[in-house]
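Convention: sequence-line order gives letters A, B, ...; per-chain numbering from 1.
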Amino acid sequence: MPQITLPDGSQRGYAESVSVLDVARDIGPGLAKATVAGRVNGKLVDACDLITDDAELQIITPKDADGVDIIRHSCAHLLGHAVKQLYPEAQMAIGPVIEDGFYYDIRYDAGFHPEDLERIEQRMLELIDQDYDVVKRITPRYEVLQLFRERGEDYKVQLVEDMPEVEAMALYYHQEYIDMCIGPHVPNTRFLKAVKLTKLAGAYWRGDPNNEMLQRIYGTAFADRKGLKAYLALIEEAQKRDHRRIARNQDLFHLQDEAPGMVFWHPNGWRIYTVLQDYLRGRLEEHGYQEIRTPELVDRSLWERSGHWEKFREDMFTTQSENRDYAVKPMNCPCHVQVYNQGLKSYRDLPIRFSEFGNCHRNEPSGTLHGLMRVRNFVQDDAHIFCSEEALQAEVSDFLDLAFSVYSDFGFDNVAVALSTRPKERVGEDSLWDKAEAALEQALDGKGMEWTVNPGEGAFYGPKIELSMRDCLNRVWQCGTMQVDFSMPGRLGAEYVTETGDRAVPVMLHRAIFGSFERFIGVLTEHYGGNWPVWLAPTQVEVLNITDRQADYAQEIQAKLVAQGLRAQVDLRNEKVGFKIREHTMKRIPYLVVVGDQEREAQTVAVRTRTGEDLGAMSLEKLVDKLKADIALLGRQH
RNA sequence: GCCCAUGUAGCUCAGGGGUAGAGCACUUCCUUGGUAAGGAAGAGGUCCCCGGUUCAAAUCCGGGCAUGGGCUCCA
């Protein structure tokens, strides 16, 4: 005699077991029609699942976030249904829901091509129109195995074999197509009308590059067509913020075939770079860092001692001369230890914080390069802190404060924090890893911030805190990092004299805030969508004359702005003012200053913003004040 | 590195076995115009590179390289 409690607190009693759908029907036919699934005592279940005891029930409809996820998951099965009809020899692997959609990994040796995607989507739409019921059957393990073996679904068989403890599985029948899933799923294909296949990719079976590569089809789905359309429009808007596209428009940098993954900075992009570097130099100085500079080409023997030659060899560019092997530095840490090692250090000298805008090269696999986000030549805002074990906690904590203070100066408020722990390939004793991981955990907890763990993703010499941002298409890029290293100082002979006159090995912290200037500028470009805060804008003001008569006055204004330390350009071209305004507005120059006869007579300037706001005429002094006020805000307003 | 796609003028792109195309940008001239595109003329290409097929290849085929979207790996 189940007593069902609904979210509004109301209760309904039933004489015998009821399904989620029964309860929905009981409440009203509209709700019954919209029922995708249910949440019983906090657990998602199918609409057909029976409730046998007293329970709290929430009816899930397409309006719920869970409802959309269920729709997406069912779309993956629908994709399987269509694929198997069109390509019977295809073998289905896994088809999960992801952020913004779903995918299905499929073994199909002939390979899918863009035309296949269209065919498959077309067939999916036809199947949806049949409004067929999705039927769930709990099936004993041996029957499931037999069924998938008969159907030649080798991957499904493997999946079942990998969960020996499970006695029976839920099978979902899409007519003749059968998929295995924990569920829940929609009860009928009519819920799947707003679906679209989006892209085709390769993906390793079980994510292991030693395994064969499967074909992955990505798609997305929404509660209705309107939601799908809005999503597609959003993606299109996001693509306009792509840093590569903005870079072309604003003439920031370029890449070319002869130097894959290495940036040619143009004057505009380099301006941003140098402003960032000057800013960070100031912040680091405030926090007790000393800037150094170390070689980019170092003999193999140092990399052997640091462990890089063994663990990082594939990623290094190497060269040789006069029978010596060299590597172009992929990291600055071994060189920083060399600077530390010059002269005997006392515990009184610690902590020592060496910073370097270190130019590094890494031979990244060709397929991983991505605009400014993933390059082969980049400059890290690197620093290494040498300290005693006792000081470690405080140093990590101070770093986190500094990093988040820097991020807030750019208006970042959605930095993801993760702790990456010991990888399989590593140097150092496990006891040291225990200590290092614990230190980072404690520092994070001490800040009271939300963080996640990436098991096995640490650097080969130590665990790391990763501070990541998202780009315009929601891809995550690690920028800041804090890594505890108990190994390398010892390997490279770093030590200091303790209070008791003994020798001890310092702990080394590797840390970066931007990560690399390249990636950070890439992320910033997309964060601002090209609307650089005045602080960073390559050109802060463009002075426009209306006719040749004001050319001298325009140049005089520009010269006065430059004399005030502002980045001002003047556009004296023989074009109408509307044309010039359009052009510079599209280049997202923060302020446009128009000078005509009126302004020249009154010794004023007419100011317009890139958002199209007309600020009217004002004195040059007032404009300068305005600009300086904007610059003082840094990037916090955005 | 692996899978799929793409590579044509400075940019965005069309075309496609037999004189290489458009729009914007560029140059020159006319125009001196008050807040998002004034007009005319002109110049501009080894159709990514190397091979092959063919009377003939930018186009078809093979191999490279690069870029884009993913996978794996990383700041």
Side-chain angles (χ1 to χ4, degrees), chain A residues 103 105 108 111-114 116-117 198-218 239 242 244-245 248-249 251 254-261 312 314-315 330-331 358 360 362-376 378-382 420 423 457 459 464 466-469 473 475 477-481 483 510 512-520 522-523 544-551 574-586 592-599 606-610 612-616:
Chain A
Y103 68 76
D105 283 350
Y108 180 62
F112 289 126
H113 302 275
D116 296 311
L117 225 60
T198 51
K199 57 197 175 193
L200 198 55
Y204 299 108
W205 166 234
R206 296 181 191 279
D208 184 343
N210 298 313
N211 290 340
E212 67 273 31
M213 181 156 274
L214 305 175
Q215 303 278 305
R216 175 173 295 179
I217 296 175
Y218 284 92
Q239 278 165 347
D242 188 306
R244 294 161 296 196
R245 180 172 171 153
R248 227 174 287 121
N249 177 246
D251 199 14
H254 84 271
L255 297 158
Q256 69 184 50
D257 291 4
E258 290 83 350
F312 210 72
E314 294 299 304
D315 298 277
M331 298 182 192
C360 297
R362 290 187 193 169
N363 197 1
E364 301 288 349
S366 55
T368 63
L369 302 180
H370 184 100
L372 285 182
M373 305 299 196
R374 185 79 181 268
V375 289
R376 287 193 175 134
F378 54 96
V379 177
Q380 293 181 309
D381 62 315
D382 204 4
S420 291
E457 309 238 314
K464 57 184 181 181
E466 296 184 9
L467 307 174
S468 302
M469 325 279 186
L473 289 179
R475 288 172 291 219
W477 298 100
Q478 184 199 314
C479 292
T481 183
Q483 311 173 358
H510 309 240
I513 299 174
F514 291 168
S516 76
F517 280 76
E518 286 74 10
R519 179 174 291 180
F520 197 71
V523 169
L544 318 175
N545 61 334
I546 290 173
T547 73
D548 290 347
R549 283 194 303 282
Q550 307 92 33
N574 175 15
E575 296 289 354
K576 292 193 171 184
V577 71
F579 179 89
K580 295 187 193 178
I581 284 172
R582 174 179 157 81
E583 203 160 276
H584 296 112
T585 300
M586 289 197 307
L592 305 185
V593 161
V594 177
V595 292
D597 287 338
Q598 290 167 31
E599 287 75 19
V607 182
R608 180 188 163 106
T609 70
R610 61 185 158 199
E613 195 185 352
D614 187 351
L615 302 182

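- Residue-to-nucleotide contacts include no donor-acceptor pair under 3.5 Å from the side chain of A:Tyr204 to the base of B:G70.
- Residue A:Gly578 is in sugar-phosphate contact alone, with no base atom involved, counting any heavy-atom pair closer than 4.0 Å across all strands shown.
- Between B:A57 and B:U53, the two P atoms lie 11 Å apart (nearest whole Å).
- Applying the 5.5 angstrom centroid cut-off and the 30 degree plane-angle cut-off, the aromatic ring of A:Phe378 is stacked upon the base of B:A75.
- To the nearest 0.5 Å, the span separating OG1 on A:Thr481 from CD1 on A:Ile513 amounts to 11.5 Å.
- Between A:Lys580 and A:Asn545 the shortest side-chain heavy-atom distance falls below 4.5 Å.
- Taking for each of A:Gly207 and A:Leu372 the nucleotide of RNA chain B with the nearest heavy atom, the 5'-most of the two is the partner of A:Gly207.
- Among the nucleotides B:G34, B:A36, B:G1, the one closest to any side-chain atom of A:Ser366 is B:G1.
- Here A:Leu544 lies out of heavy-atom contact (under 4.0 Å) with every strand.
- Heavy atoms of A:Gly522 sit nowhere under 4.0 angstrom from any nucleic acid atom.
- In the model, A:Asn363 has no side-chain atom that pairs as donor or acceptor with a side-chain atom of A:Glu314 under 3.5 Å.
- Under a 4.0 Å N-O distance rule, the pair A:Asp242/A:Arg244 qualifies as a salt bridge.
- Of all nucleotides present, none satisfies the Watson-Crick or G-U wobble test against B:C47 with each distance under 3.5 Å.
- Not a single donor-acceptor contact under 3.5 angstrom links the side-chain atoms of A:Asp614 to the base of B:U35.
- Side-chain nitrogen and oxygen atoms of A:Arg244 include at least one within less than 4.0 Å of the OP1 or OP2 phosphate oxygen of B:G68.
- B:C60 is paired with B:G52 under the criterion used here, namely a Watson-Crick or G-U wobble arrangement in which both key atom distances are under 3.5 Å.
- Of the side-chain N and O atoms in A:Lys576, none sit less than 4.0 angstrom from OP1 or OP2 of B:A36.
- Nucleic acid contact for A:Glu364: base, since at least one base atom lies under 4.0 Å from a heavy atom of the residue.
- A 3.5 Å limit on both hydrogen-bonding distances identifies B:G70 as the Watson-Crick or G-U partner of B:C2.
- Close to B:G69, at under 4.0 Å from its OP1 or OP2, lies a side-chain N or O of A:His370.
- Between the side chain of A:Arg519 and the backbone N or O of A:Met373, at least one donor-acceptor pair lies under 3.5 Å.
- A donor-acceptor contact under 3.5 Å is formed by the side chain of A:Arg374 with the base of B:C73.
- Judged by distance alone with a 3.5 Å cut-off, no donor-acceptor contact links the side chain of A:Glu314 to the base of B:G1.
- As the counterpart of B:G34, no nucleotide is assigned, since no Watson-Crick or G-U wobble pattern has both distances under 3.5 Å.
- B:G23 is paired with B:C11 under the criterion used here, namely a Watson-Crick or G-U wobble arrangement in which both key atom distances are under 3.5 Å.
- Using atom C1' as the reference point in both B:G70 and B:C13, the two lie 25 Å apart (nearest Å).
- The base of B:C71 does not come close enough to the side chain of A:Arg216 for any donor and acceptor atom to sit less than 3.5 Å apart.
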